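Structure record follows, encoded as structure tokens.
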Amino acid sequence: MKLGKRISELREQRQITQGELAQIIGVTRVALSHYENDRRHPDYDTLMKIAKFFSVSVEYVIEGENTSQLHN
């Protein structure tokens with residue numbers, strides 16, 4: 001699975017809109033849409049914000065391996 005699809009699935013699991021997630025991580029909704037459609041890739045700081053919000057590792061966001069998920 002590609003990075004954008006993983007971000008989209010994480011967002012949908014939390015049942016939040018692109019606009020809500022974009023505001024939380026400090027990007028525009030258009031930028032987030034580009035990430036989710038693999039037209040652009042987030043920088044490392046944005047990846048960190050995404051991972052922190054969803055309580056997963058950056059590696060999980062990038063690679064999608066379940067073993068990389070953080071557990072609270």
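Note that the structure is predicted; figures quoted are calculated from it, not measured. Below, all heavy atoms of this structure are taken into account, side chains as well, without hydrogens, waters or symmetry copies. Residue numbers count from 1 along this sequence.
- Remark: K2 NZ to N37 CG distance equals 10.5 Å, nearest 0.5 Å.
- Distance check, rounded to the nearest 0.5 Å: CD of E12 to NZ of K5 gives 6.0 Å.
- Here the CD1-CG distance, from I25 to L32, works out to 5.5 Å after rounding to the nearest 0.5 Å.
- Partners of I62 according to the side-chain contact (heavy atoms from CB on, under 4.5 Å) rule, which considers only residues two or more places apart in sequence or in another chain, are L47, V58.
- S8 OG to M1 CE: the interatomic distance, rounded to the nearest 0.5 Å, is 9.5 Å.
- By the side-chain contact (heavy atoms from CB on, under 4.5 Å) test, Q23 pairs with no residue at all, sequence neighbours left out.
- Scored by the side-chain contact (heavy atoms from CB on, under 4.5 Å) test, T28 finds V30, A31 as partners (sequence neighbours excluded).
- Scanning for side-chain hydrogen bond (donor to acceptor under 3.5 Å, both in side chains) contacts around E9 gives an empty result, with sequence neighbours left out.
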Test log, rule side chain to side chain contact (heavy atoms under 4.5 Å, CB included), inputs F53 and I16: CA-CA 12 Å; F53 178 75; I16 62 172; 3.7 Å; yes
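- Within the structure, salt bridge (Lys or Arg N to Asp or Glu O under 4.0 Å) contacts touching residues 22-44 (residues at least two apart or in different chains) are R11-E36.
- One distance of note links OH of Y35 with CD1 of I50; it measures 7.0 Å at 0.5 Å rounding.
- Between Q13 and F54, the closest side-chain pair of non-hydrogen atoms is not below 4.5 Å.
- In plain terms, the two heavy atoms of L3 and H41 that are nearest each other are CD2-ND1, 3.5 Å.
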